Structures are given as structure tokens and as C-alpha cells.
Engineer: 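Quick one: the structure is below, and I'll ask about it shortly.
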Amino acid sequence: MIKNSKGFVLVETLVVTAFVAAVFSVIYVNFYPLAGEYERRTFYDDIDSKYGAYWVKFFVQRNSYSSFTAQDIINNKSYLEFSCNNITDSFDKTMCKNMMDRLGLEKAIITFYQLSDDDDNADGLTFTGIKTKADSVFSDDPAFAAYIHYLPNYTVKSLNGARYRVICKFKRSGDSLETKELNDTYATMEVIK
Amino acid sequence: MIKLNNKGMTAIEVLVTFVLIAIVVVGLYDGIVALKEKETISSAQLSIDTYKNLITKDLQDDFIKKGLVSAKISSLTGGDKGYLVNFVFKDNSRKTLKVIQQFGCTATDLEEAQDICLNRGIGINDSDKFSINYGPDGNLVEYPLPDLGHEVIPGLGGGADHTVYSLKINEVNISSKDRVFSLHITLSHPDLGSDYSINIVTPLNYP
């Protein structure tokens, strides 16, 4: 019996090498970002940001915060910017500013409780959710838009009857004595108003 | 009968194979060592996060649910160094926060001890002592810092051995200003930096 004693030719070796390299590339591309994703999400809904979001919600729910309607949100790109200047009472306004300054609030928006589009008209209201518009209206802040996309759609109605929610971005530093790069942290909380 | 292939590998083939295997093993070893280090750091970070979240939640719960009326800030007296804050809440309940921040002496000889310990008011055989205590007056719950590494230093001048810890309470800022109470406690670790802090603000006597 004659045995096949031929080895691989160069082109066969190259094809196999390229195939193996392609497989490793696919694995690397798919798994490597997971590490970064995990680290990024440590800045989402951490205990400090949730506490900060509570105080934003607290001031929005105050009677002295200028009233707004669902139509106001629809007319304004599906969100309203939170500002202590929207508080009419001067004492509340000062307190709000002092608190937000110390909490490191960078940005907060008021939007619908449901973040995805609401087309069913179940409660007499249809709107385009902030998730649909996030990339365009926050094109200058893609990290903020990324947090909005990370959040659930909240299609199930709030048990507390909340119709709105605040979405907040904070700037935080671990050590006030050292000059360090500030971290952006994010949190959301429902608003009953 | 089938003729066996008695051809072996040449020396150069064996050599190339060994070199390739060595390269792969060295690459894998470096990767595994890096992962091991990352796992150690992540574990330490988790301990600090858990510690921070535990205290922060207890304080935040009281500030949100009860509402703070006043906070009297003073320095600790007696043996311990640090801060004492007496809180009064809207339901007339009272709680106390005690932050002990006492640095130990890291010097290993008497000459060094003069510079880095005695000149800074630290006894030459003092151990690190860091803890946060919070609870109703007279019934404080202690939250000792997690032990993320420590060093036992032999006693100097015939004194007792003492211990210094890697994780320390680095900075404490407590203030009541503009009717806002602020608490900022920074934790620091030589390998993890000082990114970890307990940061709480709440309005004072706000209706």
C-alpha cells in the first residue's frame, strides 16, 4: 500500500492560519468590550447617584416647581430640562441650588415614565419616547444617550402612578484634595406629579 | 503488511515546535497573572464599595425618611481622634455619628519615628485606628474598615508591636453651611488610590 507522504502545501497552511486568526478575531471583538461595558456600568445607578436623583425628583415634586404638562414634554423633544430656576419660591430655589451644587448635578431631564414610544393611546396620550430621540437630541452628549438606551423601556405602568421620571447626570470626584479626572455617574427616578 | 512510517522529526522541527510552545505558554502566563491581579483588585474594590454602601444607606435612609433638623459637629475627646456629629431628626429622635481617624506610626526606627510620627502628634507605637460608628445615642453600631492588608511593626523603644493598615480614612470633611449638611469621608489605599468616598448631603431643617 502506498502511503500519502505529502505534507501541507504553503497555501493550505496559510488558509488554515487565516481561518484560525479570523475565529480569534471574532472572539476578541465580541468579548473584549464586555470588560469595558462592565466598568462603565459601575457608574450607572450607584448609591450616590440614586440619592442625588431622589433630591432632583424631590424638588420637581415641590408645589413651587413650575407646573408642566405631558404636552409640554411632547412639544419639547420628549423632555424638559430640570433647573432650580424653575422654582418660584425663593427659599426653595436657594435650597435647590445649594443641594445640586453639592451633589455635583451636571444635567437632569424630566421625561415620561415610559421611555419607549407610546402608541396605544390607552391613557389618551401618544408620544415618541426619549429612547427614540436620545441619539439626536443628545448628540453632544453620547454618554447620556447611552445611559438612556441602557435603561428599560418601562412599558408597564408605575405602581405608584408616576407619569414622569427624571434622568440625571452627576460629576463626581473621589478625593476633593487631589486634582483627579471626574467620573460621570447616572441615575433615574420616577416622579409623581 | 503495511509499512510503518519510521520517519522522525528533524532537530530543527523539534526546536521550532518547542519555541512556538514556549511563546504560547509565556503569553498565556502573562495573561493569567494579569487576570489574577485584576481579580484581587476587583475583590478589594468590592469590599470597599460594600462598606461604603452599608454606611451610606443607613445615613441616607434617616435623612430621607426622618428629615434632619440639626447637626452639631465637634472633635472627639478622650482617647480617640476624629469627629463626632449629633443629629436631631424631625421626629425628635437623635442619632450620633462618630468617625475615628487615628493614624499609626509607620516608622521602623527611632530616628525615623521622630520625623514621621512624633512631629505629627503620633505616638511611636500607635496603631492605625479607623472606624465609623452610627446609631442612636448610647447604642452606636461600629462599622470597622475592611482589612485589605496590614503590617505589624515591631515596637520601638521597648514598646509593643503595632499595626498599620493599607486602607485608611484619608480625609474627613463635615460641614453645616447654607442650611445644607455635608459629609465627605475619603478612603485611601496604596494600590487602589483614593477614589472611594462616602458623600452625603442633605438639607437642614427643610420643611
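If you're wondering where the values come from, they're calculated on a predicted model, not measured in any experiment. So that the names make sense, note that chain A is the first sequence line, chain B the second, and so on, each numbered from 1. Computed over heavy atoms, backbone and side chain alike; hydrogens, waters and symmetry mates excluded.
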Engineer: For B:Lys95 and B:Asp137: C-alpha separation, side-chain torsions, deciding distance, then whether salt bridge (charged side-chain N to carboxylate O under 4.0 Å, His left out) applies.
Structural biologist: CA-CA 5 Å; B:Lys95 284 197 175 180; B:Asp137 290 353; over 6 Å; no
Engineer: Would you mind checking which part of A:Asp46 comes under 4.5 Å of any heavy atom in chain B, side chain (CB onward), backbone (N, CA, C, O), both or neither?
Structural biologist: neither
Engineer: Is a donor from one side chain sitting under 3.5 angstrom from an acceptor on the other, for A:Gln71 and A:Asn75?
Structural biologist: yes
Engineer: Quick one: what part of B:Lys52 sits under 4.5 Å from any heavy atom of chain A, side chain, backbone, both or neither?
Structural biologist: side chain
Engineer: Just give me the residue among B:Thr56, B:Ile198, B:Thr202 that pairs up with chain A most often, heavy atom to heavy atom, under 4.5 Å.
Structural biologist: B:Thr202
Engineer: Does B:Lys90 use its side chain to pair, donor to acceptor, with the backbone of B:Tyr206 at less than 3.5 Å?
Structural biologist: yes
Engineer: For the aromatic rings, using the six-membered ring if either is Trp, is the centroid distance between A:Tyr79 and A:Phe138 under 6.0 Å?
Structural biologist: yes
